[in-house]
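See structure below.
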Amino acid sequence: MHGFLHNILPADKANELLLIGQERTIKKGEFFIRAGEIPKKFAYVNSGLFRYLYIHKNGNEFTKGLITEHNFISAYSAMISQTPSFFYIEALEDSDVFEIPYPKWQIMLASDTFWTKFLLGFIEKGFNKKEKRERDLLLLDAETRYLGFLEEFPGLDKRISQGIIASYLGIQPESLSRIKKNIRS
């Protein structure tokens, strides 16, 4: 599996990362991070699918984000502040990840500016995604958000439940059914 690192990193840097991390399979429905837990790891998703999930005390679920293959999963702000995560990271499919322990990552980060630049690239990518998601939720109607979802995540509507899609869009499943019916007609 670790040949994937050579696709995103120069060979010598991929080998450095391989020395501190480990490959892991996370089964559908399992959590990589749980709310209330202080995260001590993050991971690169080689294959599979995850969601960032808030669960309200009344049991309602809110999907904060969807993370597809070739992206990192992390409760990063909780990890760097060493405070409990407010959200879960749940596998929506059986997934293969490359898990990196945060303490070892910190040592690598301090040892070479390459890793600082590498991290900055992913933080910028994540920030842009987060800003777009917030903008879409605040400014776009539900149908436009659904069409945007289909464009941003081609084929994902076939891989996850309509309930999770509705949760991601910030609407009720019944509303999603109406939107899909309107689009078809």
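Just so you know, residue 1 is the first one in the sequence shown, and it goes up from there.
Counting all heavy atoms, side chain and backbone alike, F32 lies closest to E37 at O-OE2, 4.1 Å. When all heavy atoms of A43 and V97 are compared, the closest pair comes out as CB-CB, 3.9 Å. Closest approach of F72 and I67 over heavy atoms only: O-CG2, 3.8 Å. Scanning all heavy atoms of the two residues, the minimum distance from E90 to L53 falls at OE1-CD2, 3.7 Å. A pairwise comparison of heavy atoms in A91 and K27 identifies CB-O, 3.4 Å as the closest pair.
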Kindly indicate, with the supporting measurements, whether the criterion side chain to side chain contact (heavy atoms under 4.5 Å, CB included) is fulfilled by I20 and I100. CA-CA 7 Å; I20 69 163; I100 302 161; 3.7 Å; yes

W105 and Y102: CA distance, side-chain angles, deciding distance, ring-ring contact (aromatic ring centres under 6.0 Å, His included) verdict: CA-CA 5 Å; W105 170 251; Y102 185 59; 8.3 Å; no

I would like to know whether M108 and L17 meet side chain to side chain contact (heavy atoms under 4.5 Å, CB included); could you show each step before the answer? CA-CA 9 Å; M108 270 183 54; L17 201 55; 3.9 Å; yes

E99 vs F42, side chain to side chain contact (heavy atoms under 4.5 Å, CB included): CA-CA, chis, key distance, verdict: CA-CA 6 Å; E99 185 176 293; F42 64 102; over 6 Å; no

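Rounding to the nearest 0.5 angstrom, the gap separating the CG atom in L92 from the CG atom in L156 is 8.0 Å. For the atom pair OH of Y52 and OG of S74, the computed distance is 5.5 Å after rounding to the nearest 0.5 Å. To the nearest 0.5 Å, atoms CG (N182) and OH (Y146) are separated by 12.0 Å. The distance from the CG atom of L137 to the CZ atom of R133 is 4.5 Å, given to the nearest 0.5 Å. Rounded to the nearest 0.5 Å, atoms CZ (R24) and NZ (K41) are 4.5 Å apart. Between atom CD1 of residue I73 and atom CD1 of residue I26 there is a gap of 5.0 Å, rounded to the nearest 0.5 Å.
Looking at Y88, its side chain never comes within 3.5 Å of a backbone N or O of R51 through a donor-acceptor pair. A donor-acceptor pair is defined here as one N or O able to donate and one able to accept, closer than 3.5 Å; such a pair exists between the side chain of N71 and the backbone of E69.
Hydrophobic cluster membership is shared by L18 and Y44, with clusters built from Ile, Leu, Val, Met, Phe, Trp and Tyr side chains linked at under 4.5 angstrom. Residue L66 is not grouped with residue Y54 when hydrophobic side chains (ILVMFWY) are merged at heavy-atom distances under 4.5 angstrom, including chains of intermediate members. Hydrophobic clustering (ILVMFWY, side-chain heavy atoms < 4.5 Å, transitive): L140 and I183 are in distinct clusters. Hydrophobic clustering keeps F31 apart from V45 (ILVMFWY residues linked when any side-chain heavy atoms are closer than 4.5 Å, directly or through intermediates). When the side chains of ILVMFWY residues are joined at heavy-atom separations under 4.5 Å, either directly or via intervening members, L150 and I179 end up in a single hydrophobic cluster.
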Quick one: side chains of residues 162-173, donor-acceptor pairs under 3.5 Å with protein atoms, not counting sequence neighbours, listed by atom name and distance.
unit_1: Q162; atom_1: OE1; unit_2: K180; atom_2: NZ; d: 2.6
unit_1: S167; atom_1: OG; unit_2: E61; atom_2: O; d: 3.4
unit_1: S167; atom_1: OG; unit_2: T63; atom_2: N; d: 2.7
unit_1: S167; atom_1: OG; unit_2: T63; atom_2: OG1; d: 2.9

Let me have the donor-acceptor pairs involving side chains of residues 78-87, under 3.5 Å, with sequence neighbours excluded, atom names and distances please.
unit_1: S81; atom_1: OG; unit_2: S77; atom_2: O; d: 2.8
unit_1: S81; atom_1: OG; unit_2: A78; atom_2: O; d: 3.4
unit_1: S81; atom_1: OG; unit_2: T83; atom_2: OG1; d: 2.8
unit_1: Q82; atom_1: OE1; unit_2: K40; atom_2: NZ; d: 3.1
unit_1: Q82; atom_1: NE2; unit_2: P39; atom_2: O; d: 3.2
unit_1: Q82; atom_1: NE2; unit_2: M79; atom_2: O; d: 2.6
unit_1: S85; atom_1: OG; unit_2: F87; atom_2: N; d: 3.1
unit_1: S85; atom_1: OG; unit_2: F87; atom_2: O; d: 2.7

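When side chains are defined from C-beta on, F98 does not count as touching N46, because their heavy atoms never get closer than 4.5 Å.
The aromatic rings of F118 and W115 sit perpendicular, their planes meeting at an angle over 60°, well past the 30° parallel limit.
At most 12 non-hydrogen atoms from other residues, nucleotides or ligands lie less than 6.0 angstrom from NZ of K28. The environment of K132 atom NZ is dense: over 12 non-hydrogen atoms of other residues, nucleotides or ligands sit within 6.0 angstrom.
Listed by first and then second residue, the salt bridge (charged side-chain N to carboxylate O under 4.0 Å, His left out) pairs that reach into residues 137-153 come to none, sequence neighbours excluded.
One finds no salt bridge joining R178 and E174 here, because no Lys/Arg side-chain nitrogen approaches an Asp/Glu carboxylate oxygen to under 4.0 Å.
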